Amino acid sequence: MLIADKRDYRKGYEKHYQSYKRLKGENADINSRRLLLIYSVECGLKYKLLDKWSEENPRKILENTNDKRIKILKSHNLEKILKELGQQGNFKFIQLKTVHKDVVDTENYHQFYRYCIKTKDKQLDKEEKIEDSLNDIACWIKEGMRRQ
């Protein structure tokens, strides 16, 4: 696992979100833009975790196997991260079903879009709601960063 510090997470959030907004404005590359949004949000949330924990670099968290924060920091589960940040229930997430009958939740949204997997019964409205929720989180992250 590579180590990303607080500054890296912030830069990842900003760069990916900027690219997402450009693609959204062009109404282009739906899977790619949503993947960028998911990674932007994950970076931003991990930035906020480190900020909450008063850590600039997560190395000592990751090297201490007894530290319960490891599971949260290594997670792709956006709901788990939001819960740690005291935001549980403030953002709505929808589960999708793939054509392969797998359930897609916040922990594997990134895989769903990275691999361009199709949903069962073309759940486009649900995918749009997921994108809206992720964008709401990105805006919440951005607002918190402005105050710092």
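Counting from 1, the numbers follow the sequence of the chain as shown. Below, each value reflects all heavy atoms present in this structure, side chains not excepted, and no hydrogens, waters or symmetry copies. A quick note: this is a predicted structure, and the numbers were derived from the prediction, not measured.
- Note on Tyr115 and Val103: separate hydrophobic clusters, where clusters join Ile, Leu, Val, Met, Phe, Trp and Tyr whose side-chain heavy atoms are under 4.5 Å apart, directly or indirectly.
- With a 6.0 Å radius and a threshold of 12 heavy atoms from other residues, nucleotides or ligands, Gln111 has its CD atom above the threshold.
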Report task. Show your working on side-chain contact (heavy atoms from CB on, under 4.5 Å) between Leu78 and Leu134 and close with a plain yes or no. Result -> CA-CA 10 Å; Leu78 303 179; Leu134 290 167; 3.6 Å; yes

Identify each donor-acceptor pair in which a side-chain atom of residues 123-132 lies under 3.5 Å from a protein atom, sequence neighbours left out, and give them as a table.
unit_1: Gln123; atom_1: NE2; unit_2: Lys97; atom_2: O; d: 3.3
unit_1: Gln123; atom_1: NE2; unit_2: Lys120; atom_2: O; d: 2.8
unit_1: Glu127; atom_1: OE1; unit_2: Arg34; atom_2: NH1; d: 3.2
unit_1: Glu127; atom_1: OE1; unit_2: Tyr113; atom_2: OH; d: 2.9
unit_1: Glu131; atom_1: OE1; unit_2: Arg33; atom_2: NH2; d: 3.3
unit_1: Glu131; atom_1: OE1; unit_2: Arg34; atom_2: NE; d: 2.7
unit_1: Glu131; atom_1: OE1; unit_2: Arg34; atom_2: NH2; d: 3.0
unit_1: Glu131; atom_1: OE2; unit_2: Tyr20; atom_2: OH; d: 2.7
unit_1: Glu131; atom_1: OE2; unit_2: Arg33; atom_2: NE; d: 3.0
unit_1: Glu131; atom_1: OE2; unit_2: Arg33; atom_2: NH2; d: 3.4

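- Linking Ile, Leu, Val, Met, Phe, Trp and Tyr residues whenever their side-chain heavy atoms come within less than 4.5 Å leaves Ile30 and Leu36 in two separate clusters.
- Residues Glu107 and Lys80 form no side-chain contact, since every pair of their non-hydrogen atoms from C-beta on lies 4.5 Å or further apart.
- Put simply, the side chain of Glu84 does not reach to within 4.5 Å of the side chain of Lys71, judged on heavy atoms.
- Checked options Lys11, Glu42, Arg10; the residue passing with Tyr47 is Arg10 (criterion: side chain to side chain donor-acceptor pair (under 3.5 Å)).
- With rounding to the nearest 0.5 Å, the separation of OH in Tyr9 from CG in Leu73 is 4.5 Å.
- In this structure, Ser19 OG and Leu35 CG are separated by 11.5 Å, a value rounded to the nearest 0.5 Å.
- With values rounded to the nearest 0.5 angstrom, Ile61 atom CD1 is found 6.0 Å from Leu50 atom CG.
- In this structure, Ile81 and Ile72 approach most closely via the heavy-atom pair CG1-O, 3.9 Å.
- Counting only heavy atoms from C-beta outward, the side chains of Phe93 and Ile137 approach each other to under 4.5 Å.
- A heavy-atom distance below 4.5 Å is found between the side chains of Tyr17 and Asn135.
- Each of His110, His76, Arg114 was evaluated against Tyr39; a single residue qualifies, Arg114, per the side chain to side chain donor-acceptor pair (under 3.5 Å) test.
- To the nearest 0.5 Å, the span separating NZ on Lys74 from CG on Leu62 amounts to 6.5 Å.
- Remark: the backbone N or O of Phe91 is not paired with any side-chain donor or acceptor of Ser133 at under 3.5 angstrom.
- Counting heavy atoms of neighbouring residues, nucleotides and ligands inside a 6.0 Å radius, atom NZ of Lys52 exceeds 12 of them.
- We find the CD-CD1 distance between Glu14 and Ile141 to be 11.0 Å, quoted to the nearest 0.5 Å.
- Contact record, Gly144 with Lys48: CA-NZ, 4.2 Å, taken as the closest heavy-atom pair.
- Contact of the Leu82 side chain with the Thr106 side chain is not registered, since no non-hydrogen atoms from C-beta on lie closer than 4.5 Å.
- Expressed to the nearest 0.5 Å, how far CG of Asp8 lies from CG of Asp5 amounts to 4.0 Å.
- The shortest heavy-atom contact between Val99 and Thr119 is CG1-O, 3.3 Å.
- Remark: side-chain polar atoms of Lys46 are paired, donor with acceptor, to backbone N or O of Ser75 under 3.5 angstrom.
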